[in-house]
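Written below as structure tokens is the structure these notes are about.
Both ligands and their constituent atoms are indexed starting at 1 by order of listing.
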Amino acid sequence: MTAQAFKNPLETEVQYLKGVGPVRAAAFQTAGIYTFADLLEFQPRRYLDHSQIRRIDEIQPDEEVTVIGTVVGVERISRGKRRLIVRIADAGGMLEAVWFNQVDLFSKIFHTDQLVALSGKVGFYRGWQMVHPDFDILSEQKEALHTGQLIPIYPSGQEFKKAAISNYAIRRIFSEAFRKYGQLIPETLPEHLIQKYRLLRRAEAYRQMHFPSSAEMLHQVQRRFKYEELFYLELLMALRKFHFYSPVQGLPINIDEKQVQQFTAGLPFRLTGAQKRVLQEIRADLVKGHPMNRLLQGDVGSGKTVVALLTMQMAIQNGYQAVLMAPTEILAQQHYLSIANLLPEDQYRIELLIGSLREKEKSRIQQRISRGEAQLVVGTHALIQEKVTFANLGVVVIDEQHRFGVMQRGDLIEKGKSPHVLVMTATPIPRTLSLTIYGDLDVSVIDEMPPGRLPIITKWRTEAQLSNVYDFIRTELSRGAQAYFVYPLVEESEKMDLKAAVEAFNYLQKKVFPEFRLALIHGRMKMAEKEKTMAAFKAGEIHLLVSTTVIEVGVDAPNAVIMVIEHAERFGLSQLHQLRGRVGRGSKQSYCILITPGDISETAQQRMHIMTQTNDGFRIAEEDLRIRGSGEFFGTRQHGLPDLKYADLVTDQRIIQAARKDAFALVAADPHLRDKRHQLVLQHFKSRYSDKFRLPSIA
Ligand code: ADP
Ligand code: MG
């Protein structure tokens with residue numbers, strides 16, 4: 001047999017599928033579709049349901065329907081409320097679709113003689129009318145009307161139009177491809193699980209996705225792919241947990257009760273109940289005989305640092321070194337200073353290793369680390385350079401872990417021999433989800449703030465009220481307070497937004513607060529420059545800091561008590577909460593002022609209300625999740641996890657639990673996936689995750 005015969009049909013490049021060719025292939029590539037496998041995963045945006053299609057003369061008021069007709073007029077109206085009216089006609093009559101938002105955008109989409117499908121609720125207002133309907137531009141009448149009950153409607157953009165890839169064309173391509181390769185689509189789930197849950201087989205599931213025979217089948221398609229996706233996610237967790245952690249011997253740590261007592265008694269404050277509980281959990285890990293692998297979650301200001309410090313101290317007492325890695329120099333410096341404050345310096349040898357040190361200084365510190373002379377090392381990415389070797393690393397602490405890739409985390413851990421690991425985050429994950437997201441970590445939560453903090457007062461104001469806001473800030477600044485002004489920077493229009501931020505800064509400095517010192521900080525600035533400005537702000541040399549969203553997480557400037565967030569409607573809830581966490585870090589009353597235009601969407605209004613109602617990060621995370629759905633909530637960037645295309649981590653809890661049980665059972669029975677029956681699982685696992693997610697070496 002030739003190598004060709006082994007080739008997986010799913011890897012066939014789209015160009016070689018019937019009906020594609022080089023021009024269309026190039027257009028497909030703009031949508032990330034390179035192979036037949038990618039094409040199979042090209043999910044219809046939605047399905048047109050034939051049972052809901054009505055002729056205009058059959059419509060009942062307030063009914064949810066789809067109408068298919070020809071555009072007979074497009075009219076922009078600027079008198080009164082600005083709007084766009086698109087009139088369509090079918091054999092039964094006329095209907096108007098109206099858009100009040102994005103009039104310019106929609107007026108470019110519609111033109112006369114187009115065939116369109118409009119779906120939505122129909123009202124009667126001097127004739128049949130749909131407000132903001134869903135719409136599809138159809139290419140062929142026949143196609144729309146005569147094929148099956150449910151017609152998939154695929155996403156399409158400019159590139160597709162240029163290459164004449166209509167919805168109909170896509171369906172033709174699928175139909176040919178299924179005829180040729182349909183039988184060859186390999187299964188990815190073990191037989192016993194398909195049987196157990198009566199899942200659709202993979203080939204059938206794809207066929208139904210693109211040529212559904214009923215709405216029930218579409219439901220089954222979703223169920224099959226959700227389970228598959230979650231099964232492999234949990235398999236990743238199970239393998240990581242099994243191979244990275246369990247079998248390894250942990251470094252033995254004896255805890256000297258008296259010393260711990262002494263140390264906590266020497267702190268300038270008493271530990272909160274939550275801090276004590278979390279410390280108990282950590283201590284239990286340290287003596288268990290396996291390496292600790294724990295995530296410490298706690299809202300900004302909840303006091304994670306001292307917990308980390310106590311953990312490191314216990315390791316040092318046992319003759320090990322401890323390291324704390326922070327994402328930026330300013331944070332590392334801050335940690336270094338507060339740790340040096342809390343630990344009696346004559347008893348502990350502490351070092352700070354950051355990139356901006358002079359070479360000579362760096363190599364001196366590196367030497368002290370490799371000889372074991374440094375006991376506690378605080379630093380940045382500079383710590384994971386090859387040159388840095390530890391004599392006897394016992395505990396690794398990683399602060400703001402989402403800022404580091406999984407790889408970087410691993411690189412630091414590998415500086416030791418299975419050290420105990422504590423990763424910390426201020427991004428609260430709803431409890432219901434942390435098991436899935438951090439399936440390979442144990443989770444501790446600090447859910448209590450140190451006593452005596454005044455809750456931040458949060459107000460929502462519209463742009464029209466800005467002058468009042470300015471007056472308020474002026475009064476506070478003249479009393480010695482400091483303030484942040486944050487402007488959103490959206491990636492697509494970074495340049496424009498940056499311009500807006502610079503203009504705002506100039507305006508604020510010249511026209512609004514000429515008597516105060518303002519500074520601007522944004523993402524295009526060099527790291528060193530940013531840090532210099534931040535340091536000046538911390539030192540009180542700057543009264544008001546205008547910034548894009550780059551204010552570093554965790555920066556402690558207790559005198560900054562006002563946070564103004566411009567265009568707050570553009571931020572997600574968790575982001576707003578993170579930004580708000582920059583203030584309220586001292587004993588003074590702090591304020592967060594959210595500024596939005598007068599007219600914002602309903603979900604944005606919801607976000608503003610939640611922000612004004614609560615300071616509880618977990619509640620906010622839960623609301624955020626509820627409003628946004630888990631797809632957006634867990635961007636891969638935040639959590640280093642594979643994308644989920646089908647499953648929703650909130651609504652699919654039952655499937656998650658089943659998949660988790662099955663995946664963990666499979667790994668427990670066959671940790672290296674060597675069983676012949678697991679070969680397809682192993683293969684798919686490898687192709688799915690490649691090495692992006694730091695695989696344990698299995699098989
Ligand atoms: P984060 O969890 O955001 O890292 P930090 O560890 O920086 O929070 O703590 C925030 C501030 O609270 C620090 O100034 C710290 O000294 C103080 N702090 C921590 N724990 C307590 C406590 N139990 N009582 C009073 N203040 C505390
Ligand atoms: Mg912190």
Side-chain angles (χ1 to χ4, degrees), residues 260-261 263-282 294-313 322-344 350 352 354 376 378-380 396-404 422-429 443-456 484 534 538 551-561 563 574-575 577-588 590 592 615-618 620-621:
V260 177
Q261 298 278 346
F263 181 76
T264 44
L267 290 172
F269 44 72
R270 290 176 55 193
L271 295 179
T272 61
Q275 284 170 324
K276 283 188 198 151
R277 173 171 42 75
V278 164
L279 271 165
Q280 278 310 326
E281 290 164 0
I282 290 171
R294 188 166 284 279
L295 172 77
L296 177 57
Q297 276 190 54
D299 218 337
V300 277
S302 63
K304 295 185 290 295
T305 315
V306 69
V307 172
L309 180 57
L310 272 155
T311 308
M312 294 192 287
Q313 195 245 2
V323 63
L324 168 60
M325 181 163 74
T328 64
E329 297 211 341
I330 191 154
L331 278 178
Q333 268 158 345
Q334 199 171 280
H335 277 311
Y336 175 76
L337 290 176
S338 56
I339 286 173
N341 249 335
L342 293 172
L343 283 182
I350 313 170
L352 175 69
I354 51 181
L376 198 165
V378 180
T380 55
V396 170
V397 180
I398 297 173
D399 194 20
E400 307 299 350
Q401 62 94 33
H402 68 278
R403 301 276 299 269
F404 294 101
L422 182 68
V423 297
M424 308 199 287
T425 178
T427 311
I429 302 300
V443 180
S444 287
V445 182
I446 302 184
D447 51 5
E448 179 186 351
M449 283 289 175
R453 298 267 168 87
L454 291 170
I456 301 165
Y484 295 104
M534 278 309 307
K538 251 184 95 153
I551 307 176
E552 299 303 344
V553 177
V555 162
D556 211 355
N559 194 43
V561 295
M563 164 65 65
S574 296
Q575 233 180 337
H577 181 63
Q578 286 289 320
L579 286 171
R580 178 167 62 181
R582 302 302 106 236
V583 298
R585 300 175 77 86
S587 52
K588 285 185 220 132
S590 287
C592 174
N615 276 304
D616 177 344
F618 280 96
I620 287 176

When you compare the side chain of [Y] with that of [X], does any pair of heavy atoms fall below 4.5 Å?
X	Y	value
L352	Q333	yes
L454	S590	no
Y336	L324	no
K304	V397	no

Which of the numbered atoms in ligand 1 are under 4.0 angstrom from any heavy atom belonging to [X]?
X	result
R270	22 (C), 23 (N), 24 (N)
R453	10 (C), 11 (C), 12 (O), 17 (C)
L271	23 (N)
T272	23 (N)
D299	2 (O)
T305	4 (O), 5 (P), 6 (O), 7 (O)

Q: Only heavy atoms count here, so choose which of G581, P450, P268 is nearest to atom 24 (N) of ligand 1.
A: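 Result: the heavy atom closest to atom 24 (N) of ligand 1 is in P450.
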Q | Nearest-option assignment for atom 3 (O) of ligand 1, heavy atoms, candidates G301, A274, A308, P451 | A | G301
Q: Of all the heavy-atom pairs spanning L422 and A308, show the shortest one and how long it is.
A: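 Looks like CD2-CA, 4.2 Å.
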Just to check, does [X] reach to within less than 4.0 Å of ligand 1 when the distance is taken from its heavy atoms?
X	result
A426	no
S302	yes
L342	no

(Q) Is it the case that ligand 1 has an N or O less than 3.5 angstrom from some N or O of G303? (A) yes
Q: Check each of L271, L279, T311, I339 against V306 using the side chain to side chain contact (heavy atoms under 4.5 Å, CB included) test, and report the only one that passes.
A: L271
**Q.** Residues D299, R580; criterion salt bridge (charged side-chain N to carboxylate O under 4.0 Å, His left out); working and verdict
**A.** CA-CA 11 Å; D299 218 337; R580 178 167 62 181; over 6 Å; no
Q.
For the CD atom of Q275 and the CG atom of L267, what is their distance to the nearest 0.5 Å?
A. 9.0 Å
